[in-house]
> 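Sharing a structure, written as structure tokens. Questions coming.
Just so you know, these numbers come straight off a predicted model, no measurement behind them. All residue numbers in this chain count up from 1 along the given sequence. Side chains included, hydrogens not; waters and symmetry mates left out as well; all remaining heavy atoms used. Both counts, for ligands and for their atoms, begin at 1 and track the order of listing.
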Amino acid sequence: MFDSGVGGLSVLAALQAMAPAEHVLYFADTAYFPYGPRPAAEVRKRAFSIAHRLQQARAKLVVVACNTASAAAIEDLRQMFDIPFVGMVPGLKPAAVHSKSGVVAILATPGTLDGALYARVTQEFGKGVTVLDVPGHGLAELVEHAAHDSPAAHAAIRDVLRPAVSRGADTVVLGCTHYHFLTPVIAAEFPGLAVVDTAEPVARRSLNVLAEHALEAPAGQAGHLDLIVSADPAGFRARMRRLGFAPSAEVSP
Ligand code: DGL
């Protein structure tokens with residue numbers, strides 16, 4: 001599984017809860033964080049090199065636990081590597097079904113909102129609803145630097161979401177895995193605003209793909225969590241622990 005930093009841990013938590021027997025190798029690409037503002041070609045290059053590293057570690061499945069990296073690379077990864085990949089797109093489909101006002105805010109990084117994958121999703125599932133694209137400038141940085149419950153996070157969420165809520169949005173889609181950790185702040189600042197988070201559906205999809213390929217871990221095995229961190233592993237471990245995760249081992253990049 002990989003992400004630019006702590007965001008993908010939201011998918012990891014869902015996966016571990018559903019399948020505690022699976023071993024997970026989590027690659028946090030902190031040396032290149034944040035992905036969001038980077039050109040797609042650069043993110044694609046990182047995704048390729050990480051997928052290569054995970055393949056070397058004999059990964060049976062790669063979960064791209066990052067909307068930005070999925071937007072930049074998912075199709076090319078599937079073509080280039082002989083491993084199944086699960087990627088992420090903003091959950092517009094469930095949001096469009098859920099929304100009563102018919103106005104949905106998509107909170108995501110510029111890389112995700114500008115990508116062809118998201119354009120296809122809006123074309124397919126955005127009919128009949130007003131879709132407001134909301135770039136989450138600075139939000140992933142707050143989460144990555146463990147300030148997800150700080151006064152700065154409250155202020156940032158207010159600033160970023162207020163225009164969409166004023167325009168009638170009753171549902172916000174978390175189109176970046178980092179934003180999962182801002183859910184309590186969103187609930188506090190905008191009570192009544194429904195939040196669509198794809199961490200759990202992506203974890204479920206990952207387990208389905210494993211089952212389709214008959215690759216599930218033997219039941220009863222105790223799964224462990226290993227970690228590759230491309231910059232400042234000690235700092236990353238500390239932030240991980242603050243979010244409630246305890247990696248068992250560290251693997252060199
Ligand atoms: N967590 C990533 C995503 O889901 C992006 C955060 C970043 O900008 O690096 O899009």
> Salt-bridge test for Arg205 and Glu212: reply yes if a basic N is under 4.0 Å from a carboxylate O, no otherwise.
yes
> Does an N or O anywhere in Thr112 fall below 3.5 Å from an N or O of ligand 1?
no
> For atom 8 (O) of ligand 1, find the nearest protein heavy atom and state the residue, atom name and distance (0.1 Å precision).
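Checked against all protein heavy atoms, atom 8 (O) of ligand 1 sits closest to Gly36 N, 2.8 Å.
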> Go through ligand 1 atom by atom and flag the ones less than 4.0 Å from a non-hydrogen atom of Tyr35.
7 (C), 8 (O), 9 (O)
> Assess whether a salt bridge exists between Asp149 and Arg242, defined as any Lys/Arg side-chain N lying under 4.0 Å from an Asp/Glu carboxylate O.
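Arg242 and Asp149: salt-bridged.
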> Indicate yes or no: does Lys60 engage Glu22 in a salt bridge with an N to O separation below 4.0 Å.
yes
> Does the side chain of Met18 reach to within under 4.5 Å of the side chain of Leu207, using non-hydrogen atoms?
yes
> Would you mind checking if Arg46 and Asp29 are paired as a salt bridge, meaning a charged N to carboxylate O distance below 4.0 Å?
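Looking at Asp29 and Arg46, the cut-off is met.
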> How does Cys176 reach ligand 1, if at all, at less than 4.0 Å between non-hydrogen atoms: by side chain, backbone, both, or neither?
both
> Hey, which atoms in ligand 1 end up nearer than 4.0 Å to a heavy atom of Asn67?
3 (C), 4 (O), 10 (O)
> How close does the nearest protein non-hydrogen atom get to atom 10 (O) of ligand 1, and which residue and atom is it?
Thr68 OG1, 2.6 Å
> For ligand 1, which is the ligand I care about here, please tell me if His178 has any N or O atom under 3.5 Å from one of the ligand's N or O atoms.
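Right, the criterion is met.
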> Could you tell me whether Asp3 approaches ligand 1 through its side chain, its backbone, both or neither, with non-hydrogen atoms closer than 4.0 Å?
side chain
> Which class fits the ring pair Tyr26 and Phe236: parallel under 30°, tilted 30 to 60°, perpendicular over 60°?
parallel
